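Below: the structure, in structure tokens.
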Amino acid sequence: MAIDAKRTVPGYGLDCPTEQDLLKGLTKFMDQSAAEQTWDAACRQRGVRRPIAQQRHDQLLSVAEGLVSEVQGLAQIALRNVIVKCRNYALLAKETR
């Protein structure tokens with residue numbers, strides 16, 4: 001399903017989640033360097049090149065879903081937050097086309 005990830009979903013005000021959103025969430029629960037290293041390793045493991053373009057929120061979702069079981073504690077919450085936002089964005093964007 002092709003989604004225009006450059007737009008806010010009309011009527012919902014929901015922007016497509018970005019890699020920066022994910023990293024910002026992770027850095028609330030781990031230092032910047034650890035967040036970057038963790039994310040880098042997860043992307044490499046899954047063959048995803050960084051930076052992840054906003055149009056490829058499917059890649060962001062895929063890496064976040066894989067990484068969520070590899071981190072502990074509050075960092076999992078940050079990842080789950082981005083996962084939910086990616087899924088919601090995809091569903092709402094599809095409905096409002």
Side-chain angles (χ1 to χ4, degrees):
M1 110 181 105
I3 296 170
D4 182 2
K6 293 180 183 177
R7 68 182 179 104
T8 299
V9 178
Y12 295 95
L14 181 63
D15 292 324
C16 184
T18 66
E19 183 177 36
Q20 290 303 73
D21 295 333
L22 183 139
L23 287 169
K24 183 178 178 183
L26 284 179
T27 58
K28 291 180 182 179
F29 307 111
M30 60 176 67
D31 67 52
Q32 179 74 32
S33 178
E36 286 281 347
Q37 289 174 0
T38 300
W39 184 247
D40 258 356
C43 288
R44 276 195 311 276
Q45 278 182 321
R46 290 155 185 86
V48 174
R49 294 180 65 179
R50 289 193 64 203
I52 298 175
Q54 188 175 8
Q55 300 90 326
R56 296 305 313 259
H57 78 285
D58 57 323
Q59 288 182 339
L60 181 73
L61 177 60
S62 174
V63 178
E65 286 176 332
L67 183 58
V68 76
S69 64
E70 297 173 21
V71 297
Q72 299 297 313
L74 296 174
Q76 284 183 329
I77 294 170
L79 289 168
R80 290 183 197 280
N81 182 42
V82 170
I83 290 168
V84 168
K85 286 181 179 180
C86 282
R87 290 179 181 162
N88 286 344
Y89 183 88
L91 289 171
L92 293 173
K94 182 179 176 183
E95 284 184 18
T96 59
R97 280 197 244 175

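A quick note: this is a predicted structure, and the numbers were derived from the prediction, not measured.
Side chain of Asp21 to backbone of Thr18: a donor-acceptor contact under 3.5 angstrom is found. Formation of a donor-acceptor pair under 3.5 Å by the Ser62 side chain with backbone atoms of Asp58 is not found in this model. No donor-acceptor distance shorter than 3.5 angstrom exists from the side chain of Thr38 to the backbone of Ala35, with no hydrogens or angles considered.
Between Leu79 and Phe29 there is no side-chain heavy-atom pair separated by less than 4.5 Å. Between Thr8 and Leu14, the closest side-chain pair of non-hydrogen atoms is not below 4.5 Å.
Separation of atoms CD1 (Ile77) and CG (Leu26) is listed at 12.0 Å; rounding is to 0.5 Å. The distance from the CD atom of Gln20 to the OG1 atom of Thr27 is 9.5 Å, given to the nearest 0.5 Å. Going from atom CG of Leu60 over to atom NZ of Lys85 covers 11.0 Å, rounded to the nearest 0.5 Å. Here the straight-line distance linking atom CG of Leu74 with atom CZ of Arg80 works out to 12.0 Å at 0.5 Å rounding. A distance of 7.0 Å separates CD in Gln32 from CG in Leu23, rounded to the nearest 0.5 Å.
Under a hydrophobic-cluster definition in which Ile, Leu, Val, Met, Phe, Trp and Tyr are linked whenever side-chain heavy atoms come within less than 4.5 Å, directly or via other members, Ile83 and Val9 are assigned to different clusters. Leu92 and Val82 end up in different hydrophobic clusters when Ile, Leu, Val, Met, Phe, Trp and Tyr side chains are linked at under 4.5 Å.
Each of His57, Arg56, Arg50 was compared with Glu19 under the side-chain contact (heavy atoms from CB on, under 4.5 Å) criterion, and only Arg50 meets it.
Smallest separation of non-hydrogen atoms from Cys86 and Pro17: N-CG, 3.6 Å. Contact record, Tyr89 with Cys16: CE1-N, 3.3 Å, taken as the closest heavy-atom pair. Of all the heavy atoms in Val63 and Ala42, the pair that sits closest is CG1-CB, 3.7 Å.
Using a 4.0 Å cut-off between charged nitrogen and carboxylate oxygen, Arg46 and Glu65 do not count as a salt-bridge pair.
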